[in-house]
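Remarks on the structure that follows.
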Amino acid sequence: MKLGILGWDEQEHESIHLAEVARQLGHEATLFTLDDVTCTDWGGRLEVLVNDRPTADLDVILSRAQLRLEHWQRDLERLTLLSNVEGVPVLDPATAFVAAESKLIGMQELGRAGIPVPPTMACTSLQHVRAASERWGRIVVKPSFGFGGEDVERLNGDYHRARPLLERYGTILAQPFLPHPEGDIRVTVVGDDVAFSFRRIPAAGGWKANVAMGAHSVPYVPPPALQELAVRAARTMNITVAGLDVIRYGGLYVVLEINNVPGWHSLPEDKQFEAASRIIEWAVRNTCTR
Ligand SMILES: Nc1ncnc2c1ncn2[C@@H]1O[C@H](COP(=O)(O)OP(=O)(O)O)[C@@H](O)[C@H]1O
Ligand SMILES: [Mg+2]
C-alpha cells in the first residue's frame, strides 16, 4: 500500500518513524509536509499535488500536520485541499483535525458528551483572569492552541503574570489548578482501541506532566473504565490517532486535552515500533475495506 505521511516537519521523530515502520511492514511511504502541497489545473479540475505528484497516487494519508500560527490560512487551505481529494482518505480530515487543535473546542465537545473536563474560562483581558483567580484560587492559564506545556502557567493570585500571554495570544484559557503530583496518564487511542499508554511523571519540583518539560514516562496499562473513557473521547472528536491527557482528580478521570498529533518517542524502542505499527496497520486495514 502507498502511504503518505503528512509530517509535523521533516525532522520530527514520530513523522520519520511512521514512514520507516511503514516501509518495514512492506509498504511504500512518502513523508511530506504541508509546504509540499500544491495545485494545478488538469482538464478543468483542480489537481492537488504532493511534491509534484498527484495526491491520487497515494492510498491513504496519515496526518501529523503542523498548523502554524504564522501560516494558519495557508496551512488550513492545504490540509482542506488534501482532505477533499476523492479516494484518498486523510486520517484525519481537516474539519476534525482542526477542531481538535483547539483546547477550547475540545472542552466544549468532550464536556457536552459527558466526559469530565476541567472548568474552563476563555479570557481576553486581565479582568477575566482576575475573575477566574477569584473564583478558583490557584489557576492554570494556557493558550487554546499549544503543545508541549509551552506557555502553560500556574498563577496564585498573581493574575498580572498572565499579561504577556494575553499579549501573545489575545485569548487564553483559565482553569482551576487540579493537583496531580503523581503525574498524568497519556492514553493513546487508535481507531476504537487503546493502542498504548504511559504515565508521565513531572520532573522534581515541576508540576507539568509534559515530556518536553522534563517529565519522564513509565509504562502503564489503564483500567477498563479509563480505556472506555479514552475511546469515547476520541470517537466524540472523530480523531483516529488521539492522545488523551488524563488526570485522576476528585475520584474521577478528568481529560485535560485531546492531542491530534500524539507522540511516542519517550517509550522504549520495541514499544515505539509497536506504537507506530498499530497506527500503520489501522490505516491499512481501514483503507482496504473502503
Ligand atoms: N487545569 C490544570 N490543573 C493542573 N495542571 C494542569 C492543568 N492544565 C494543564 N496542566 C498541566 O500542564 C500540562 C500541559 O497542559 P495541557 O493542557 O496538556 O497543554 P499542552 O498542550 O501544552 O500539553 C498538563 O500535562 C498538566 O500536567
Ligand atoms: Mg498536553
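First listed ligand is number 1; within each ligand, the first listed atom is number 1. Bear in mind the structure is a predicted one, so any value in this text is a computation, not a measurement.
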Would you mind running through ligand 1 and noting each atom that sits below 4.0 Å from a heavy atom of G148?
20 (P), 22 (O), 23 (O)

Counting heavy atoms only, which of V140, T120, L173 comes nearest to atom 2 (C) of ligand 1?
V140

In terms of side-chain geometry, is the basic nitrogen of R78 or D75 positioned less than 4.0 Å from the acidic oxygen of its partner?
no

Min over E257, K142, H180 of heavy-atom distance to atom 17 (O) of ligand 1 lands on K142

Specify side chain, backbone, both or neither for P176, according to which of its non-hydrogen atoms lie closer than 4.0 Å to ligand 1.
backbone

Any N/O of K208 closer than 3.5 Å to an N/O of ligand 1?
no

Taking both backbone and side chain into account, is any N, O or S atom of D184 nearer than 2.8 Å to the Mg ion (ligand 2)?
no

Decide whether an N or O pair under 3.5 Å exists between F177 and ligand 1.
no

List every atom of ligand 1 that sits less than 4.0 Å from any heavy atom of R200, numbering the atoms from 1 in the order shown and giving each element.
25 (O)

Below a 4.0 angstrom heavy-atom separation, can you tell me which part of K103, side chain or backbone, both or neither, approaches ligand 1?
side chain

Could you tell me whether K142 and D151 make a salt bridge, using a distance below 4.0 angstrom between a side-chain N and a carboxylate O?
no

Are the side chain of N84 and the backbone N or O of L82 linked by a donor-acceptor pair below 3.5 Å?
no

Roughly how far, to the nearest 0.5 Å, is the NE2 atom of H160 from the OG atom of S133?
10.5 Å

What atoms of ligand 1 come within less than 4.0 Å of a heavy atom belonging to F147?
20 (P), 21 (O), 22 (O)

Parallel, tilted or perpendicular: which one describes the rings of H13 and H17, with boundaries at 30° and 60°?
parallel

Looking only at distances, please establish whether an N/O atom of ligand 1 is found under 3.5 Å from an N/O atom of L178.
yes

Nearest non-hydrogen atom to atom 15 (O) of ligand 1 belongs to which of D151, V141, V211, V152?
V152

Applying side chain to side chain contact (heavy atoms under 4.5 Å, CB included) between V255 and each of D245, V187, I115, report the one that passes.
I115

Sidechain N-carboxylate O distance under 4.0 Å for E281, R285:
no

Is K208 salt-bridged to D184, going by a charged N under 4.0 Å from an acidic O?
no

State, to the nearest 10 degrees, the angle whose vertex is the Mg ion (ligand 2) and whose arms point to OD2 of D245 and OE2 of E257.
90°

